[in-house]
Amino acid sequence: MTASNEYAKVGEFKPLDLLAVAGAREVNDGDVVFAGTGLPMLAIGLAQNENAPTARCVYEGGSIDGRPIDTPTSVGDARCIYQASRAGGLYEAFYGQLHSGYVDLGFLGGAEIDKYGNLNTTYVGTPLNPIMRFTGSGGNADILSFAKRTVLIMVQEKRRFTEELEYVTSPGWRVKKWPSGKYVPKQAVYGKFFKGGPSACITDMAIFRFDENGEMYLDTVHPGFSVEDVKNNVGFDLNVTRCSGETKPPTYRQLEILYNVVDPEGIFLP
Amino acid sequence: MTASNEYAKVGEFKPLDLLAVAGAREVNDGDVVFAGTGLPMLAIGLAQNENAPTARCVYEGGSIDGRPIDTPTSVGDARCIYQASRAGGLYEAFYGQLHSGYVDLGFLGGAEIDKYGNLNTTYVGTPLNPIMRFTGSGGNADILSFAKRTVLIMVQEKRRFTEELEYVTSPGWRVKKWPSGKYVPKQAVYGKFFKGGPSACITDMAIFRFDENGEMYLDTVHPGFSVEDVKNNVGFDLNVTRCSGETKPPTYRQLEILYNVVDPEGIFLP
Amino acid sequence: MGTPKIITLQEATSMIKDGDCLAFSGFTIWRRPVAMCYEILRQGKKNLHLFEVQGGFHSEVLVGGGAVKLWEGSWMGQEILGKTGVNLSRKQANGEVIVDDLSHGHAVGRLSAGAIGLPFFPTALAMGTDILNPAYDGIANAGLRDGSNPKIPKEKYTTVKDPFYDMGELLLMPAINPNWGLVYAPMVGTEGTVRILAQCYNDQDVIKACDKVIVICEEIVPDEYLRREPTQNLANGYEIDYIVVCPWAAHPTGSQFYYDTDADFLLSFNKSTKTQDGFDKFAEEYIYGVKDHDEYLEKLGVRRLEKLRASQATGYSSRVKRGTR
Amino acid sequence: MGTPKIITLQEATSMIKDGDCLAFSGFTIWRRPVAMCYEILRQGKKNLHLFEVQGGFHSEVLVGGGAVKLWEGSWMGQEILGKTGVNLSRKQANGEVIVDDLSHGHAVGRLSAGAIGLPFFPTALAMGTDILNPAYDGIANAGLRDGSNPKIPKEKYTTVKDPFYDMGELLLMPAINPNWGLVYAPMVGTEGTVRILAQCYNDQDVIKACDKVIVICEEIVPDEYLRREPTQNLANGYEIDYIVVCPWAAHPTGSQFYYDTDADFLLSFNKSTKTQDGFDKFAEEYIYGVKDHDEYLEKLGVRRLEKLRASQATGYSSRVKRGTR
């Protein structure tokens with residue numbers, strides 16, 4: 001690797017690059033990561049090549065710690081099992097790994113988020129008056145419910161950062177207790193099954209984290225954006241008092257890894 | 001195979017040979033058989049070579065439909081998986097096959113039996129005053145509870161055919177309903193999980209079957225024994241009114257298969 | 001239990017009755033019994049109940065073609081080739097299909113309970129969400145939890161408190177035992193042993209959970225060959241009922257070591273079937289407009305298929321252009 | 001989660017504390033971590049709680065040597081080489097070991113629930129028997145179900161009625177998560193990937209269910225080699241904690257493709273240890289009388305070991321005389 005650890009300048013990287021790099025920085029060495037297709041694959045691939053060489057990846061399709069030589073386009077892809085330590089199925093992924101408590105870190109996206117990190121990946125509208133259907137939960141609800149930490153990757157838009165979700169697909173720090181549907185702390189529903197919750201939310205504008213009460217706050221703002229820009233693109237009253245400054249841009253080395261090692265075919269990175 | 005289908009004469013076969021042959025006759029072609037080590041292996045091996053060529057054998061260790069070229073001495077034996085269709089583990093055997101409802105026929109032994117086909121394979125005495133311990137259930141209780149039919153192989157002794165077992169390891173046609181422990185028909189405890197029960201009991205003296213009430217009756221007596229001999233070796237009042245005659249001896253062909261094909265090393269057959 | 005019977009795609013499909021509950025092999029856009037789903041439309045089946053851990057091209061086709069009354073599952077789409085299931089989205093919004101949502105963990109648990117003959121599976125996954133909102137129980141809202149359909153449980157779930165270790169409350173999710181398992185597997189042995197050549201997804205549980213199982217395969221191979229590696233096999237012959245031999249049956253989904261997913265086909269399907277009119281045109285061209293699967297393959301042409309053919313070293317094609325560089 | 005650490009047999013054994021709950025790999029007389037059980041006796045561990053789907057030589061040794069206070073399991077013996085577990089039989093009759101009986105299905109279910117983080121497993125196996133007799137609950141009778149030991153559930157089982165399909169009443173069996181999994185596996189990769197070369201028994205569930213896992217292996221091999229066939233592997237490196245390299249560690253039990261069971265050794269053990277005096281003599285000769293595992297192997301001698309060595313074609317020895325003919 002010839003590129004340096006110096007930070008790239010604004011204009012030398014794309015928004016997607018920064019998302020991938022910020023995601024990679026959330027991965028600790030040794031983490032067992034449960035991830036989906038797309039940006040999470042870039043983040044983990046980068047982390048494995050830089051800051052977290054022994055992080056291991058569980059895919060929903062059933063492969064564990066694969067070392068693909070060609071970027072998979074699906075978590076069920078034939079490419080996922082190359083040099084994997086195991087190849088099983090969804091029972092293994094969701095029960096043998098996730099419910100069993102092995103998963104340190106989840107990586108998820110969603111269409112909408114509230115300030116407690118609850119996600120909607122299912123409906124515009126509700127099941128009673130569905131205007132449009134997204135994919136549905138898939139493993140989203142499961143991963144957010146049982147991973148010790150989860151990184152949420154979102155597009156920063158006011159309507160996507162909403163005071164109250166019309167439909168909660170996946171549980172954040174305050175969740176619905178049935179049959180009443182009243183919001184209570186996640187621990188109150190999960191009892192001794194509680195393992196953690198959302199740890200960060202990364203968008204194309206900023207990085208958010210969650211405080212002691214499970215409420216989202218602004219941590220860093222990406223180069224080129226202001227705190228005001230972020231506030232204007234959040235639909236609830238955002239705590240910005242803890243903002244610690246600007247998100248660090250990618251390094252040249254990170255960009256080189258992303259484009260030459262992780263996604264050389266340009267499947268996710270244009 | 002050069003030997004004939006004529007019956008061997010008394011003196012030309014050993015008690016164990018007849019047990020194996022009588023066991024083999026209980027196997028229907030196509031049966032999925034869940035069996036343990038020893039005599040059941042001989043019976044099934046013989047059946048697969050004669051009357052039930054497509055019977056398939058599940059062993060507790062996790063092999064399915066193995067075609068050993070050397071007789072296994074254990075259901076966990078390395079020999080079991082030769083040309084097996086699958087090799088899994090005990091979860092597969094007990095849940096994926098037995099609880100799932102695939103098993104047509106079980107083959108079991110026991111230390112004691114009552115007239116409803118309940119077996120004791122665990123204690124002389126009870127857990128509260130154990131005089132001696134046998135192996136315990138292993139899969140015995142599970143197989144008798146869930147196989148559609150089960151063949152029980154016993155040594156014919158008065159004390160082993162007993163009015164009431166001190167300890168019920170495995171459920172026959174009338175079983176204990178907890179918490180009271182009162183005997184009720186098996187169906188009353190198993191509800192829609194009910195699949196069947198013991199279908200035959202084969203000893204060194206006779207073959208017994210079970211009537212509409214789940215009570216044991218004498219079916220056939222082995223050559224060389226009388227109905228009276230059998231009655232004298234049963235500890236409860238035995239129904240002999242349905243006795244249909246003498247057990248058919250092994251054929252020469254069956255003996256040849258047993259000694260030359262199924263157990264050529266003399267592991268179970270002396 | 002016997003040995004599975006070899007029949008044709010048409011014969012196999014004709015046994016499925018209107019209203020039956022179906023489950024499928026595969027994962028999103030891999031190893032789906034697509035040829036049989038096309039044939040289900042050709043034979044005009046109606047009111048099907050699909051239980052899917054997750055849907056994909058095969059079920060978007062069934063939904064788009066109007067064969068489905070009830071869809072239970074956790075996800076519908078085609079990965080990055082079509083991020084939402086446009087046909088299900090349209091039909092749900094129109095009220096033409098009843099939908100009941102699960103999480104992956106819930107669906108996996110329900111199928112695995114069905115596979116081992118249990119009436120339910122305990123899980124603590126995805127609690128505290130609207131998936132468990134009683135008001136959003138789509139099946140109950142349609143009046144279908146009255147016990148009259150043996151494939152529909154009386155409750156969507158119940159909760160139970162752990163009596164052993166004070167872990168707290170968790171869910172019991174009802175088992176599912178669909179009428180038919182439609183399973184695509186590349187290789188089936190002469191005695192019915194089934195082999196897949198990659199991750200097993202939920203295929204094994206689909207086979208065990210369903211009342212009857214049809215396996216549609218690329219080729220029949222000597223059972224003796226598959227039995228050399230018993231730990232690699234997915235199922236025994238007595239667990240499956242019918243075998244259909246039908247090369248390229250999974251197209252446009254992929255089959256590891258046989259062919260890759262047909263990304264262009266999937267992308268174009270997803271774009272063109274957002275409207276019912278678009279779907280109808282697609283169906284006319286690729287389903288109703290061809291007599292059978294052979295004609296479908298001829299229509300795709302050798303060039304297209306050869307590009308998809310998998311390398312025997314890696315299990316996927318090295319001939320398709322996948323990215324922008 | 002990290003990469004497992006390679007340590008010695010002595011170091012591994014020294015981490016086990018008096019009173020700990022242990023589970024083992026293998027099945028009756030196959031793939032048992034015998035060398036570590038010998039070392040447990042050498043180090044004088046006491047009051048152990050064994051959870052065994054079924055016992056075998058390894059646990060007969062631990063029971064005979066007085067290391068065990070509580071045995072939970074469904075079966076004890078050595079197949080046709082010793083039809084009852086004579087040491088457990090003696091110690092239970094003497095009141096020296098508390099026993100609680102299960103069926104295979106119950107024990108398998110309890111372990112599989114522990115493996116996936118559930119507090120219980122539903123089952124309808126072995127109902128209506130004295131295994132479920134409340135008066136025979138050996139652990140309750142010993143006053144150990146008071147909630148003070150996290151490895152002992154508050155009830156032996158409970159029952160629940162199926163709320164979904166009216167199947168009737170079935171059992172909930174408590175999960176088990178032992179402190180230590182002692183696992184013998186022939187091959188472990190450099191990154192901890194575990195491979196066994198036959199049926200997997202309950203080994204995978206033991207690995208997942210136990211708090212800490214020690215794998216004792218014949219040899220460490222390149223992980224890259226094991227990763228060529230990911231469907232053949234049993235466990236990932238992050239699921240295990242410690243690796244001990246110790247050839248012939250399973251003797252006298254067998255290890256497929258490495259060595260066969262030592263039938264003469266097992267037969268003689270079973271005959272000679274019916275009395276405590278007999279066990280003490282055996283232990284003096286083979287356990288306390290040797291310094292370590294190497295000395296044990298020297299004592300067995302090359303001739304004996306070579307006779308047991310497995311054929312690389314079949315996975316078992318063709319040199320042992322097994323029957324009477």
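Proteins get letters first, then strands, A, B, ... in listed order; numbering begins at 1 in each. Only heavy atoms go into these numbers, but all of them, side chains included; no hydrogens, no water, no symmetry mates.
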Colleague: Of all heavy-atom pairs between Ser103(D) and Ala141(B), which one has the smallest distance, and what is that distance?
Modeller: CB-CB, 4.1 Å

Colleague: Between Asn140(B), Leu144(B), Leu269(B), which shows the greatest number of heavy-atom pairs under 4.5 Å with chain D?
Modeller: Leu269(B)

Colleague: With chain B as the partner, which of Val53(D), Asp166(D), Asn141(D) has the greatest number of non-hydrogen pairs under 4.5 Å?
Modeller: Asp166(D)

Colleague: Between Val184(B) and chain D, with a heavy-atom cut-off of 4.5 Å, which part of the residue counts as in contact: side chain, backbone, both or neither?
Modeller: neither

Colleague: What part of Asn129(B) gets closer than 4.5 Å to chain D, counting heavy atoms only: side chain, backbone, both or neither?
Modeller: neither

Colleague: Under a 3.5 Å distance rule, please check whether Tyr190(B) uses its side chain to pair with a backbone N or O of Met127(D) as donor and acceptor.
Modeller: yes

Colleague: Identify the heavy atoms of Val99(D) and Arg133(B) that sit nearest to each other, and give their distance.
Modeller: CG1-NH1, 3.6 Å

Colleague: How would you list, in number order, the residues of residues 251-268 of chain D that have a heavy atom less than 4.5 Å from chain B?
Modeller: Gln256(D), Asp260(D)

Colleague: Any heavy-atom pair between the side chains of Thr122(B) and Asp101(D) that's under 4.5 Å?
Modeller: yes

Colleague: Would you compute the distance between atom CG of Asp130(D) and atom OG of Ser137(B) and round it to the nearest 0.5 angstrom?
Modeller: 12.0 Å

Colleague: Do you know which of Gly95(D), Gly168(D), Ala93(D), Gly26(D) has the most heavy-atom pairs under 4.5 Å to chain B?
Modeller: Ala93(D)

Colleague: Among the options Lys177(B), Lys192(B), Arg79(B), pick out the one with the most heavy-atom pairs lying under 4.5 Å from chain D.
Modeller: Arg79(B)

Colleague: Of the non-hydrogen atoms in Ala126(D) and Asp142(B), which two are nearest, and what is the gap between them?
Modeller: CB-OD1, 3.7 Å

Colleague: Looking only at side-chain N and O atoms, does Glu79(D) offer a donor or acceptor that is under 3.5 Å from a partner on Thr37(B)?
Modeller: yes

Colleague: Give the interface residues of residues 316-325 of chain D toward chain B, defined by a heavy-atom separation under 4.5 Å.
Modeller: Tyr316(D), Ser317(D), Arg322(D), Gly323(D), Thr324(D), Arg325(D)

Colleague: For Gln276(D), which residues count as a side-chain contact (heavy atoms from CB on, under 4.5 Å) partner, sequence neighbours excluded?
Modeller: Arg90(D), Lys91(D), Phe279(D), Asp280(D)

Colleague: Could you tell me whether the side chain of Phe27(D) reaches within less than 4.5 Å of the side chain of Leu90(B), counting heavy atoms only?
Modeller: yes

Colleague: Given that the side chain runs from C-beta out, which part of Thr121(B) has a heavy atom under 4.5 Å from chain D: side chain, backbone, both or neither?
Modeller: neither

Colleague: For Ser112(D) and Tyr91(B), which heavy atoms make the closest approach, and how far apart are they?
Modeller: OG-CE1, 3.6 Å

Colleague: Below 4.5 Å from any heavy atom of chain B, which atoms of Leu81(D) appear? Answer side chain, backbone, both or neither.
Modeller: neither

Colleague: Answer whether the closest heavy-atom distance between the side chains of Leu125(D) and Leu98(B) falls below 4.5 Å.
Modeller: yes

Colleague: Who wins among Ala124(D), Gly315(D), Cys200(D), Gly77(D) for the most heavy-atom pairs under 4.5 Å with chain B?
Modeller: Ala124(D)

Colleague: To the nearest 0.5 Å, what is the distance between CD1 (Ile80(D)) and CG (Leu39(B))?
Modeller: 12.0 Å

Colleague: What is the minimum heavy-atom distance between Gln199(D) and Ile81(B), and which atoms define it?
Modeller: CD-CG2, 3.4 Å

Colleague: Checking Ile131(B) against chain D: side chain, backbone, both or neither under 4.5 Å from a heavy atom?
Modeller: backbone

Colleague: For Ser74(B), is it the side chain, the backbone, both or neither that has a heavy atom under 4.5 Å from a heavy atom of chain D?
Modeller: both

Colleague: Picking from Phe146(B), Phe193(B), Tyr82(B), Trp178(B), which has the most non-hydrogen pairs under 4.5 angstrom with chain D?
Modeller: Trp178(B)

Colleague: Can you tell which part of Phe194(B) gets under 4.5 Å to a heavy atom of chain D, answering side chain, backbone, both or neither?
Modeller: neither

Colleague: Do you know which of Thr71(B), Ile69(B), Ile143(B) has the most heavy-atom pairs with chain D at a distance under 4.5 angstrom?
Modeller: Thr71(B)

Colleague: What part of Gln83(B) gets closer than 4.5 Å to chain D, counting heavy atoms only: side chain, backbone, both or neither?
Modeller: neither

Colleague: Scan residues 114-135 of chain B for pairs that pass ring-ring contact (aromatic ring centres under 6.0 Å, His included), counting only residues two or more places apart or in two chains.
Modeller: Tyr123(B)-Tyr167(B)

Colleague: Would you mind telling me which of Gly138(D), Gly128(D), Ala310(D), Ala198(D) has the largest number of heavy-atom pairs within less than 4.5 Å of chain B?
Modeller: Gly128(D)

Colleague: Highest number of heavy-atom pairs under 4.5 Å with chain D: which of Glu60(B), Met132(B), His99(B)?
Modeller: His99(B)

Colleague: Between Asp77(B) and chain D, which part of the residue has a heavy atom less than 4.5 Å away: side chain, backbone, both or neither?
Modeller: both

Colleague: Name the option with the most non-hydrogen atom pairs under 4.5 Å to chain D; the candidates are Gly76(B), Gly136(B), Ala93(B).
Modeller: Gly76(B)

